[in-house]
Amino acid sequence: MLKQITIPENDPVAVPEKRAIIDQILEQNKDLPGGLMVILNEVQSQIGFISEPMQLYIANHLHVPVSAVHGVVSFYSFFTTKPRGKHTIKFCMGTACYVGGTPQLIDKARQVLGIEPGETTSDGLITLELCRCVGACSQAPVVVVDEDTHGRVRPNKFPQIVRGLQENDGK
Amino acid sequence: MAFFRSHVLVSVDPECLKRGAHEVIDALHDELVAQGLIDEVQVLETSRIGDPVFYGPDMMVYPEGIHYANLTPDDIPYLVEEHFLKGRPVERFRAQERLVRDEELRPPQPKEVRVVLRNCGVIDPNNIEDYIAEDGYMALAKVLTEMTPEQVIDTVLQSGLRGRGGAGFPTGRKWQFARQSPGDVKYVICNADEGDPGAFMNRRVLEGDPHAVIEGMIIAAYAIGSRQGYIYCRAEYPLAVKTLNIAITQAREFGFLGKNILGTDFSFDLEVRMGAGAFVCGEETALMASIEGRRGEPRPRPPFPAVAGLWMKPTNVNNVETYANVPQIILRGPEWYSSMGTEKSKGTKTFALAGDVKNTGLIEVPFGITLREVIYDVGGGIKDNKGFKAIQTGGPMGGCLSAEFLDLPIDYESLTKAGSMMGSGGLVVMDEDTCMVDIARFFMDFTQEESCGKCTPCRIGTRKILEILTRICEGKGRDGDIEQLEELCTWIKATSLCGLGQGAPTPVESTLKLFRHEYEAHVYEKRCPAKVCRALISYEIQPDVCTGCTVCARNCPTSAISGERRQPHKIDPDICVRCGICMQVCNFNAIVIN
Ligand SMILES: Cc1cc2nc3c(=O)[nH]c(=O)nc-3n(C[C@H](O)[C@H](O)[C@H](O)COP(=O)(O)O)c2cc1C
Ligand code: FES
């Protein structure tokens, strides 16, 4: 039966507004064949991550073992179990970008933010990530800031991107 | 239906409207009436042709495909008289090509033939009527009213169309298998997972001409007898997903999807499903597992999808580009299609040209064109007048080809024979400054990480190869490493479960074969001939060239550079991480690699 886990009070399933979002997604897709992927994609995009309590919650609603949900969440790199920073900067590691200077950009990011790809700044503002080719290879190297693709980013332009995010946050 | 000899598409995007697009349309209409041409020239509105900031108001005239820009109502009388009455394009109103800002898709270059890309950047993808104006859904109408499913399959067979997803399986045969498979419920799937780094052909087609793919899928569904289809699109392509959903809604409204399509008793509907960032989901059996809502792990074939696919039902899986070719083949006939290309590879192929070539971006060329023509005629040659070193084809499961293969005609068989493969169509050109061992390591890093882990050879083998390559790049290569690499490649290839593992060694094998001397230089002389591998190089500032501008010191991520303003600077090799940023930012070429 139900696996017992303690649910932190700030977990989305414990926050009524967030839970309503999850409920709505579940309701909309519960009869869809193969709906689990659709549900997880929606939850990831609307809530930003899929915590363990959320996985359990979804599994119970769909009447599938939590291991099935966890198996899917852990398989796909788009699904994260922890919240990301407010903004995400992704470095394209595709062939064109790799050859075009992504490694240098990461060096620069390390210097400017003091974190490695996969980590979030201590103020929770920026998460760095590596990603696969985003299909904008003719503009290599490519950096994806939240939803926006920036092409031909030179290392000395990188601090501007970070400043842009920091200033926006101040407003 | 009236027969128009010309179609004029006028852009009515907000910026063009602000600049008087409606006045231009009114003037055009009045003038066509005045000159008695209104029954011969059709004026249509479209949302965007060129960048309106540069061109607005602008219009496109077909069949010539002439782009007139920055028009005012006063220009129209002259334009109509010259172009439509006397048949003389007016040069001074034409858009200046050099202003075209679409870097991914330039106007066709020499030797290009556009079939799949014909509408991309030309029509408004969010307006089905634009597509219809380009003969859209005419092939579907023809198929549903004049052809039996068997005739459709025969036509595709005769055209010689082969799958564009990589393996090049004849599409007609695939459809035949799916048709012959017993079962009431069958599925049609479009593989839009385009995971190969360096490839973005499918994305542009989905974003620029979604209806061509949808129409191709409906025709396939009719041919095999399916009522439900899925487009599996990778999550990295949110715009493509959005465009597809709009297109599907519009196609339903127009009666091209849904129940009783075009009043016949054929029904079919489509749904877009999104991936979530797993490369292996491009493999068809993994893709189907993912649509079913499971981990995207491949399974052994047979049974092939045509027999037991999605939810164990007969399923036809084709690539985006494969489907996009179909309507044209139906409309223009299989003979037209098979007149392009080589004996065994018919038609055209889109490629994403990237890397160290002058004109990067999407191209579409007939099969049989040589690599040299692609790089030098279509691509404009190597950037910065450097020398050509290699071209990578086929993505992470393809290989690198050296200069001796430049005159190789591009088709499925030739590339495979040369030790690479067609793949989905990424072409990455590498200049003399590229280290082939580093490239092999890069691809291994990719496949190692994307290996789903289900089978041992792929999971363990790729990791082992990566270890050795990393060691070699770090200057710690040992005697016997090269031989061990060769052994591992053979073993992984022979024993892996799916195409990912079977193809993973190709980048290593092909570079070992063609660039063995580079491996040897790394292992035996601890030297990186291309001066790329960080452990084997050092950066130095030439004191007589350095002006002391301080730009390198300010940009160095590890503060390894010191020096007074206006005095030659120096790099501390112990702190330097050899990232090369200083060399990139130096305006005086004062920094050299040893
Ligand atoms: C690891 C791996 C990745 C693949 N990725 C893709 C892909 O991104 N797009 C694609 O169309 N086919 C991909 N394929 C090929 C598909 O399995 C399948 O052959 C193809 O979709 C069939 O369509 P086609 O006959 O139109 O080429 C991949 C195969 C393997 C083994
Ligand atoms: S390699 Fe970076 S966008 Fe394709």
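Every value quoted in this text rests on a predicted model; they were computed, and no experiment measured them. The sequence lines fix the lettering, A, B, ..., with proteins before strands; numbering per chain opens at 1.
Using a 4.5 Å cut-off between heavy atoms, B:Ala352 does not touch chain A at all. Using a 4.5 Å cut-off between heavy atoms, A:Val38 contacts chain B through its side chain alone, with no backbone atom that close. Heavy-atom distances place no part of B:Ser559 under 4.5 Å from chain A, backbone and side chain included. Using a 4.5 Å cut-off between heavy atoms, A:Asn41 touches chain B through its side chain atoms alone. Of the atoms belonging to B:Val280, it is side-chain heavy atoms, and not backbone ones, that fall under 4.5 Å from chain A. If you measure heavy-atom distances from B:Leu353 to chain A, you find no contacts under 4.5 Å at all. Only the side chain of B:Cys281 comes within less than 4.5 Å of a heavy atom in chain A; its backbone stays farther off. Residue contact with chain A, scored on non-hydrogen atoms closer than 4.5 Å, involves the side chain of B:Phe443 exclusively. Residue contact with chain A, scored on non-hydrogen atoms closer than 4.5 Å, involves the side chain of B:Arg534 exclusively. Contact annotation for A:Arg154: only side-chain heavy atoms (C-beta onward) come within less than 4.5 Å of a heavy atom of chain B. The part of B:Glu271 that comes within reach of chain A is its side chain, from C-beta onward, which places non-hydrogen atoms under 4.5 angstrom from that chain.
In this structure, B:Glu297 and A:Phe75 have side chains that are in contact, with non-hydrogen atoms separated by less than 4.5 Å. Looking at heavy atoms from C-beta onward, A:Tyr98 lies in side-chain contact with B:Asp438 at the 4.5 angstrom threshold. Side chains of B:Arg273 and A:Leu32 form a contact here, defined as non-hydrogen atoms less than 4.5 Å apart.
Listed options B:Met201, B:Arg554, B:Glu450 were ranked by heavy-atom pairs under 4.5 angstrom with chain A; first place goes to B:Glu450. Of the residues considered (B:Gly580, B:Gly296, B:Ala278, B:Gly355), B:Gly296 shows the highest number of contacts with chain A, using heavy-atom pairs under 4.5 Å. When the candidates B:Arg295, B:Arg294, B:Glu236 are compared by the number of heavy-atom contacts under 4.5 Å with chain A, B:Arg295 comes out ahead. Among B:Tyr237, B:Trp311, B:Phe279, the residue with the largest count of heavy-atom pairs under 4.5 Å with chain A is B:Trp311.
Within 6.0 Å of NZ in B:Lys313 there are 12 or fewer heavy atoms belonging to other residues, nucleotides or ligands. Around atom NE2 of A:His61, more than 12 heavy atoms belonging to other residues, nucleotides or ligands sit under 6.0 Å away.
Between B:Ala235 and A:Phe78, the closest heavy-atom pair is CB-CE2, 3.5 Å. Across B:Gly277 and A:Ser77, no two heavy atoms sit closer than the pair O-OG, 2.7 Å.
Taken to the nearest 0.5 Å, the CE atom of B:Met274 stands 7.5 Å off from the CD atom of A:Glu42. Separating the CE atom in A:Met93 from the CZ atom in B:Phe442 is a distance of 6.5 Å, to the nearest 0.5 Å.
Screening residues 18-28 of chain A for salt bridge (Lys or Arg N to Asp or Glu O under 4.0 Å) gives A:Glu27-A:Lys30 as the qualifying pairs, with residues at least two apart or on separate chains.
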